[in-house]
Amino acid sequence: MKKLVALLFLVPGLAMAQKEIKPNLSKAEGAWKSNKLDEAKAIIDVSVASQEFMVDAKKGGPSKNAAKAWYLKGVIYAALDTTTNAKFQALSANAFDESKAAFEKSKEIDQGKSKGFIKLPDAAVGGFEREFTISEVNDALGNGYFNRSLRFYEEDRDYTKAFTYIKYSMYFTPADTFKMRIAGTYFGPAAKEYEQSIGFLESYVKGGGTMKEAYQQLIALYSTQKKNEEALVVIRKAKEKYPDEAEFSQSEIAILYDMGRLPEARASIEKKIASGGADRSAYYNLGFICNKMKDMECAKRAFNEAIKIDKDDFDSYAMLADISYKEVGELRRERGAITGSTDADLKKRKDLFGKIGDKLRESLPYWEKCYELKGTDENVLYGLLSVYGDLYAYDESYGPKMETLKKKMKGMGLEVD
């Protein structure tokens, strides 16, 4: 096979003699084998253009040479298309299209009757010539085009050409899942050909492909185009294939959240937790979803579970600080709504004042932990200052803490009263 690849793609170095050219497949094939692509092209062009050579005069249909002639033209033009020699590249402005058309014409005429059309030396049988099958030649051509695409991608950074040539490669090897994955995961997105990239990755997944990166890229492509339903289908397939990969569960939750399907997102997380496979992120995400659904008890339980797993989980502490301080605000609004002066009204206002103090003391440890973890975060600083200020109404010992914090904030250039 190495010999075949070399014969298909080595660049010729000799110029053909200027003489009358006649149809002759043996000479065209010989010139190709000798790497004289200019001569091979000239002979094969004359051959396929010859009515006398290509048509059976008696039967009126294709001659016995026609299928091979078209096939040989396909091989020669594929070699022209993949050469790195500018002189021979210039022999055809659309070599791949002509190569493809020639192969299709050969198929149309041959109707699958022939196993192969060309003979080449094979090292596996002592260097003797044997007939290479159409499948073997397709593999060699596909690999030649793929190697060219790699050069465009890695060396030239010409992603459009890289994607074009890998597509040419897959004309010869359409069932090659490796190339589908490379085209959809790397070359297509680099060339900004997102729809075609999706097509390749869909084919890869349907073809039984198992590389995780292909699923990741397909999900990302669907998500960026807001094709959330399609993304969910792929995510759920990926979760079946990679049950231990947390990122696919995270992606599912994110998309369901983006679609406003919060109950489904919550159910998905709770199922994972119930299975015993929950980590800190699972509890945090559950808390986040429950918070959005206004189920604050669920949210607080979940964030506290996350903290049990990671005692320095700033995000969960910050959410608990925020939730608890909002509850302080709700109690204040309830107290402020009492405008009467009856004994019952006064008693209720007093009771709510006590509850506000209790809730502030409940909120304080969360803010202080956030301050311990991120002592320069502006939201944390202003939040803790507000809690200290509110607690000062209950206990003047919070005054010095409040002043110390103000001093620090002023030193950071923050505005404080």
Side-chain angles (χ1 to χ4, degrees), residues 1-2 4-13 35 37-38 41 74-101 103 137-205 207 209-227 230-231 234 238 247 251:
M1 185 58 67
K2 289 182 180 178
L4 173 59
V5 173
L7 284 168
L8 285 170
F9 297 108
L10 270 175
V11 178
N35 301 315
L37 290 188
D38 51 354
K41 176 186 180 298
V75 169
I76 291 168
Y77 272 76
L80 286 172
D81 194 35
T82 52
T83 181
T84 57
N85 185 297
K87 173 184 175 181
F88 294 102
Q89 288 174 348
L91 291 175
S92 174
N94 55 344
F96 175 76
D97 291 336
E98 293 206 50
S99 174
K100 179 180 176 181
F103 281 123
V137 175
N138 281 344
D139 286 343
L141 289 168
N143 288 336
Y145 272 102
F146 180 63
N147 290 336
R148 188 120 169 88
S149 73
L150 280 177
R151 287 196 294 273
F152 281 125
Y153 186 84
E154 296 176 348
E155 298 174 17
D156 300 343
R157 299 292 191 265
D158 188 332
Y159 301 123
T160 298
K161 283 188 177 178
F163 189 52
T164 296
Y165 272 78
I166 199 171
K167 287 190 292 180
Y168 290 171
S169 172
M170 283 187 284
Y171 166 71
F172 298 102
T173 55
D176 190 326
T177 54
F178 170 75
K179 290 172 188 169
M180 288 178 198
R181 177 172 64 85
I182 296 300
T185 304
Y186 302 108
F187 291 15
K192 296 182 170 39
E193 294 288 352
Y194 303 122
E195 286 295 337
Q196 291 186 66
S197 298
I198 286 173
F200 283 124
L201 291 173
E202 284 178 338
S203 296
Y204 175 80
V205 170
T210 59
M211 293 297 288
K212 183 176 70 173
E213 62 189 7
Y215 287 85
Q216 292 169 324
Q217 183 66 280
L218 184 53
I219 292 164
L221 288 168
Y222 277 139
S223 298
T224 55
Q225 296 189 45
K226 296 299 181 182
K227 294 183 177 181
E230 292 88 341
V234 179
E247 66 181 282
S251 295

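Worth saying up front: this structure is predicted, and the values here are computed from it rather than measured. Throughout, residue positions are numbered sequentially from 1 according to the sequence presented.
- Residues forming a salt bridge (Lys or Arg N to Asp or Glu O under 4.0 Å) with Glu193 (at least two apart in sequence, or on another chain): none.
- Atom OH of residue Tyr215 and atom CG of residue Leu201 lie 10.5 Å apart, to the nearest 0.5 angstrom.
- Residues forming a ring-ring contact (aromatic ring centres under 6.0 Å, His included) with Phe103 (at least two apart in sequence, or on another chain): Tyr71, Phe172.
- Contact detail for Pro189 and Tyr194: the closest heavy-atom pair is O-CE2, 3.9 Å.
- Looking only at distances, no side-chain donor or acceptor of Ser99 sits under 3.5 Å from a matching main-chain atom of Ala95.
- At a threshold of 4.5 Å between non-hydrogen side-chain atoms, the residues Lys161 and Asp156 do not count as touching.
- Residues Tyr204 and Met211 have side chains in contact (heavy-atom distance under 4.5 Å, counting atoms from C-beta outward).
- One distance of note links OH of Tyr153 with CD1 of Ile182; it measures 8.5 Å at 0.5 Å rounding.
- A search for ring-ring contact (aromatic ring centres under 6.0 Å, His included) contacts involving Tyr165 returns Tyr145, Phe152, Tyr168, not counting sequence neighbours.
- Applying the salt bridge (Lys or Arg N to Asp or Glu O under 4.0 Å) test to Arg181 and every residue at least two apart in sequence or in another chain returns Glu213.
- Considering only heavy atoms from C-beta on, Glu98 comes within 4.5 Å of Ser92 through its side chain.
- Here the shortest heavy-atom pairing between Thr83 and Asn85 reads OG1-N, 3.1 Å.
- Rounded to the nearest 0.5 Å, atoms CD (Gln89) and CG (Leu37) are 11.5 Å apart.
- A pairwise comparison of heavy atoms in Thr177 and Gly207 identifies CG2-O, 4.4 Å as the closest pair.
- Counting all heavy atoms, side chain and backbone alike, Ala183 lies closest to Phe163 at O-CE1, 3.8 Å.
- Of all heavy-atom pairs spanning Phe200 and Met180, the tightest one is CB-O, 3.7 Å.
- Contact between Ser149 and Ala162 at its shortest, heavy atoms only, is CB-O, 3.3 Å.
- Checked by atom type and distance alone, the side chain of Tyr222 never pairs as donor or acceptor with a backbone atom of Ile198 at under 3.5 Å.
- For Thr173, the side-chain contact (heavy atoms from CB on, under 4.5 Å) criterion is met by Asp139, Ser169, Asp176, Lys179, not counting sequence neighbours.
- One finds the NZ atom of Lys87 at 5.5 Å from the CG atom of Asp38 (value rounded to the nearest 0.5 Å).
- In this structure, the side-chain contact (heavy atoms from CB on, under 4.5 Å) partners of Lys212, at least two apart in sequence or on a different chain, are Gln216, Tyr242, Glu245, Glu247, Phe248.
- The line from CG of Asp158 to CZ of Arg151 is 13.0 Å long, rounded to the nearest 0.5 Å.
- By the 30° and 60° cut-offs, the orientation of the rings of Phe146 relative to Phe187 is parallel.
- Between the CG atom of Leu91 and the OH atom of Tyr77 there is a distance of 8.5 Å, given to the nearest 0.5 Å.
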Would you please test Lys41 and Phe88 for side-chain contact (heavy atoms from CB on, under 4.5 Å) and show each step?
CA-CA 10 Å; Lys41 176 186 180 298; Phe88 294 102; over 6 Å; no

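- Residues Gln225 and Glu230 are not in side-chain contact: their nearest non-hydrogen atoms beyond the backbone lie 4.5 Å or more apart.
- For the pair Val234/Glu202, no side-chain contact is recorded, criterion being any heavy-atom separation below 4.5 Å from C-beta on.
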